[in-house]
Amino acid sequence: MTKYFQTLKLNFNKEKVLYLISFVLPGLIFLSYFFYTKNGVLTVDLGQQYVDFLAFFRSNLFTHPLRLIYSFSSGLGGSMLATDAYYLFSPFNLLLFLAPQKFLSQMVLVIIAAKIATVGLTSYYYWKQKIDNEFYALAASAAYALSGYTIANHFNLMWLDSVLLLPLLIDAINRVLEQKKNHLILITFLLWFTNFYTAYMALAFGLFYLLSKLFFFNKKERWPLFWEYLKESMWGSFLDASMLLPVAVEMLQGKAASSATWSLGFQFAPYNELAKLADGAYDFHEMQEGMPNIYIALPFVLLAIFYFLSKKINWRHKLANGILLIFLVASLFWTPLVLIWHLGQFPVWYPGRFSFVLIFFALDLAIIALKQREKISFWQIGVLILLAIGLIVFITVDSKSFAFLNQNAQTASAAFLALGILFIGFIHNRSNFAAPFFCLIIELELIVNLVLSLNNLAYQNNADYQNFVQNTKQVTQYAKDHDDRLYRMEKTFYRSDDDPFSANYYGLSTFNSISNQRVLNLLSNLGFVNNSNSYTNYGSTPITDDLFGVKYYILPNDDITPLKANEQMKYSNSSNRIDTSDYDIVKRFEQLVLMKNDDALPFLFLTPKSTTKVKFDSTDITGNQNKFFEAATGKQTQLFSSVTWPDPKLINISGWDGGWMQYTKKDKAKEGRVIFNFKPQTDNSYYLELPGDIDNDSISLTVNGNSINTDVRDQNYRLINLGSRQRGQTIHVVFTLKNNQLNLNAANLWCLNTKQLEQIMDKFKQKQPQFKQTSALTIHSNSFSTKKTETMNSTIPNSFNWLILDNGHIIHKNKILFMNTFLNFKLNKGTHKITLIYVPWVFLIGIAISLLTLFLYLSIRK
């Protein structure tokens, strides 16, 4: 009896240790790379978007939770619910609270590693039930946790929750088919809750997987089993109605509002996807415009193929799984399936975002093949050898087509294919050490692939983010401590489009996959640099500063004493707003200066004119800004005037005969420059208007020796400030051609009458009421009077969630939106006290549905 309990204890400890290894090993391998290279984890969207959302989440979850419902840090203001559901509601994000805010970027790395580790744990749990040898399950779990999908998308950390939940989903579906107790409701709820986007992909695969299995049940059993699956899935989905309903509404108003062109073509030549099976098949190009990431350790690729060569596996199972596999593979490149998997939208960067389900399914087939313990025949190993040689030949011959297929990638791929052939043909079922050997080579290949892949990326320095947050928050907090009004703030530089979330202020810029299309269209027409899911403050003028309520500006402090390199802020992405230095200095900080714009309007302001629809011309941004000014103030005046181009000085350049402002290089091998020198005759602000096709790829631009950022996103017109208060001083503008030709006939010079603008705005602002934000969801005005019926316009994006009260009584909003974007309403003659309350109606309805679902479910279970 004692021996029995000792054996039981040994087995129990062994089982716990293997579970622990399945968790620790993938996470440790991933973390080790960053410890060894001393890289921070911030790169691309993680460094330019997600880290700001996570900072906002950490700052507000337990202190100001209502800001997670609505925030003016999101562009000009908007709901945060879909943003929360997409980016922030993973339980792993609670790990952020284990360290001070200054270690945020380091904690993000810990979160990613923890998710990858959990992927290993959940998949080990799944495959351990399918095969009795723990080493094979351990190898498969590591291959899944460190697959090409997770390595390529580790910085898209919000997608990893679905990766770790997928094995549990398929396990629950298997239990439904076996009529066993399952947790399908909980898994479905967790999938929707942690990230609805990849949840859709995982659940879609779950449905396809179920249908492929139902084929093997008799007709009488199929419907009851399908109904049981459907019922459990619906319970889980309705439990998350509190988030799914707001997401659906905001998606229809945002990203889903744009349309994609459906066709029967291919995204790329299908055979090129074979290159993505190689080790290290990843780089920045693949991230942006490449192919889906489907890498799994190469011995597993051979085993997945061997599944279909096996003599022990029933042909009907091969047929069902083969059809599903072909469907998943075709989804990588056939346009209709690509769109179906991505909710009707082509992925902007990061192709094949559903490919983790293909990787999981391929590994599942490989485990089934291993489970057969089949004696390998000559013809089977011969087929695998031929396919392996064919893959290596393809990788080698086509290496010039893919930058990631360097010599190291080719050598590693050949070596591990050879080891896979060696294992399948000569070691499997022939040695007691076959499984440990297989696990070892898999782990080794995963390390090699990780190093080769991540070495192709560049990461930001953690200190850059920390310095930015520390210095900007010092300034924004000072402004809040000394001004309790409702206002916006901006900067002449930016670290990311989502700086307002990290630095805790209300700005104009945002980068969000779920963007308000009305706001985006308006800002595009006003000349703000933007694309389909982001917009910046680059392109603003004193007009937009005043009307959007940008009361404060943050500028670099040029008079700072030298600091250590790791303490200095990087003022990247400058907007070259010279005229912001005309604002009043409030306070100088160590690295920044706070400026005040006294003419900035409150978020809501009285206008004598009735609201009318505005027609914009996307090629006339100065005209559009003037329309904005006239609609807000009721003053009919032209603030912008055209400036005649001075005669250019041409260096290695000739003008086109009969052409206006069109130039060609004389000697293509030498540098060509077009130089304009002009002296302003006033102290007004001067601007260069450039069309979208003149950008950093076609020219480099300097103004008085200062390099100007000419990047664009969606080829929109924009304004570049050339000078202000520089009467009689020469402004030196130099275009250096990067191509052989330059066409400036759509470029313009403009003068903004800043004195007239200041006079009108000063008088207009004096009669405006004042507003304060008393909570994240409420805005109150002081008491004020109107002598006649007036319109109260705003720069608050319209939403049916805004409830407006005047002296405690609900009033109706105007149906015609101010500037086609913002809420507005009429006020009759008399005394007023305005209150705005943001009531998230759909969210409240969703909560009610979730609570009702929970109540009904618990009642039925009793």
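Quick note: residue numbers are just sequence positions, from 1.
Ring-plane geometry between Phe501 and Phe53 is classed as perpendicular, the angle between the planes exceeding 60 degrees on a 0 to 90 degree scale with a lower cut at 30.
Residue-environment remark: NZ (Lys480) exceeds the threshold of 12 foreign heavy atoms within 6.0 Å. Taking a 6.0 Å sphere around CZ of Arg518, one finds it holds 12 or fewer heavy atoms contributed by other residues, nucleotides or ligands. Other residues, nucleotides and ligands contribute at most 12 non-hydrogen atoms within 6.0 Å of the NZ atom of Lys772.
Counted by atom type alone, Asn521 and Gln517 present zero donor-acceptor pairs between their side chains at under 3.5 Å. Checking Arg713 against Asn530 by side-chain atom types alone, no donor-acceptor pair falls below 3.5 Å. A donor-acceptor pair shorter than 3.5 Å can be found between the side chains of Thr778 and Ser775. Ser237 and Trp192 form a side-chain donor-acceptor contact under 3.5 Å, judged by distance and modelled atom types alone. Side-chain contact of Ser105 with Asn462: a donor-acceptor pair under 3.5 Å is present, judged by distance alone. In the model, Asp545 has a side-chain atom that pairs as donor or acceptor with a side-chain atom of Tyr553 under 3.5 Å. In this model, no donor atom of one side chain and acceptor atom of the other lie less than 3.5 Å apart for Ser141 and Ser123. At a cut-off of 3.5 Å, with distance as the only test, no side-chain donor of Asn93 or Ser90 sits close to an acceptor on the other residue. Ser502 and Asp499 form no side-chain donor-acceptor contact under 3.5 Å, judged by distance and modelled atom types alone. Side-chain polar atoms of Trp341 and Ser331 form a donor-acceptor pair below 3.5 angstrom. For the residue pair Arg353/Thr198, the side-chain donor-acceptor check at 3.5 Å is not satisfied. The closest side-chain donor-acceptor pair between Tyr350 and Asp45 falls under 3.5 angstrom. A donor and an acceptor atom, one from each side chain of Asn512 and Thr83, are located under 3.5 Å apart. Between Gln49 and Tyr87, the side chains place a donor N or O and an acceptor N or O closer than 3.5 Å (distance only, hydrogens not considered).
The backbone N or O of Pro167 lies less than 3.5 Å from no partner atom in the side chain of Asp171, so there is not a single donor-acceptor pair. At distances below 3.5 Å, at least one donor-acceptor pair connects side-chain atoms of Ser850 with backbone N or O atoms of Ala241. At least one donor-acceptor pair closer than 3.5 Å links the side chain of Asp498 to the backbone N or O of Phe511. One N or O on the side chain of Thr821 and one on the backbone of Met819 form a donor-acceptor pair closer than 3.5 Å. Using a distance-only test at 3.5 Å, with no hydrogens or angles considered, a donor-acceptor pair links the side chain of Thr476 to the main chain of Ala503. Remark: side-chain polar atoms of Ser71 are not paired, donor with acceptor, to backbone N or O of Arg67 under 3.5 angstrom. A donor-acceptor distance shorter than 3.5 angstrom exists from the side chain of Ser794 to the backbone of Leu823, with no hydrogens or angles considered. Side chain of His342 to main chain of Leu339: no donor-acceptor pair is present (N/O by atom type, distance under 3.5 Å, no hydrogens or angles).
The distance from the CZ atom of Phe548 to the CG atom of Leu522 is 5.0 Å, given to the nearest 0.5 Å. Interatomic distance, OG of Ser534 versus CG of Asp497, reported as 5.0 Å (0.5 Å rounding). Going from atom CD1 of Ile811 over to atom CG of Leu803 covers 9.5 Å, rounded to the nearest 0.5 Å. With values rounded to the nearest 0.5 angstrom, Tyr505 atom OH is found 14.5 Å from Gln477 atom CD. Annotation: the span from Thr536 atom OG1 to Asp711 atom CG amounts to 10.5 Å, rounded to 0.5 Å. The CG atom of Leu168 sits 4.5 Å away from the CD1 atom of Ile187 when rounded to the nearest 0.5 Å.
The two atoms that bring Phe528 and Ser540 nearest to each other are CE2-CB, 3.7 Å, heavy atoms only. Counting all heavy atoms, side chain and backbone alike, Ala114 lies closest to Leu95 at CB-CD1, 4.2 Å. Here the closest non-hydrogen pair linking Trp841 and Asn801 is N-OD1, 3.2 Å. Leu76 approaches Val519 most closely through the heavy-atom pair CD1-CG1, 3.8 Å. Shortest non-hydrogen contact noted between Val176 and Tyr229 is CG1-N, 4.0 Å. Of all heavy-atom pairs spanning Ala145 and Gly120, the tightest one is CB-N, 3.7 Å.
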Please report the C-alpha distance between Tyr487 and Tyr506 in whole Å, then the side-chain angles of each, then the deciding distance to 0.1 Å, and finally whether the ring pair (Phe, Tyr, Trp, His ring centres under 6.0 Å) criterion is met.
-> CA-CA 7 Å; Tyr487 57 83; Tyr506 296 160; 7.7 Å; no

Working for ring pair (Phe, Tyr, Trp, His ring centres under 6.0 Å), residues Phe62 and Phe97 = CA-CA 10 Å; Phe62 296 120; Phe97 294 91; 4.8 Å; yes

Quick one: do Asp52 and Ser496 satisfy side chain to side chain donor-acceptor pair (under 3.5 Å)? Show the steps, please.
-> CA-CA 8 Å; Asp52 299 302; Ser496 83; 2.7 Å; yes

Evaluate the side-chain contact (heavy atoms from CB on, under 4.5 Å) criterion for residues Asp464 and Arg495: first the C-alpha distance (whole Å), next the side-chain angles of each, then the deciding distance (0.1 Å), finally the verdict.
-> CA-CA 9 Å; Asp464 293 342; Arg495 192 201 67 83; 6.0 Å; no

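For Tyr197 and Phe354, the gap between ring centers reaches or exceeds 6.0 Å. Checked against the 6.0 Å centroid criterion, the rings of Phe155 and Tyr50 do not qualify as a close aromatic pair. Taking the ring centroids of Trp349 and Phe284, they lie at or beyond the 6.0 Å cut-off. Taking the six-membered ring wherever Trp is involved, the centroid distance between the rings of Phe30 and His154 falls below 6.0 Å. For Phe356 and Tyr144, the gap between ring centers reaches or exceeds 6.0 Å.
The side-chain tip of Lys491 does not point at the ring of Tyr494 from less than 6.0 angstrom away and within 45° of straight on. Under the 6.0 Å distance and 45° angle rule, Arg488 counts as a cation-pi partner of Phe603.
Evaluated for a side-chain contact (heavy atoms from CB on, under 4.5 Å) with Phe193, the options Asp240, Leu239, Asp161, Leu244 yield exactly one hit, Asp240.
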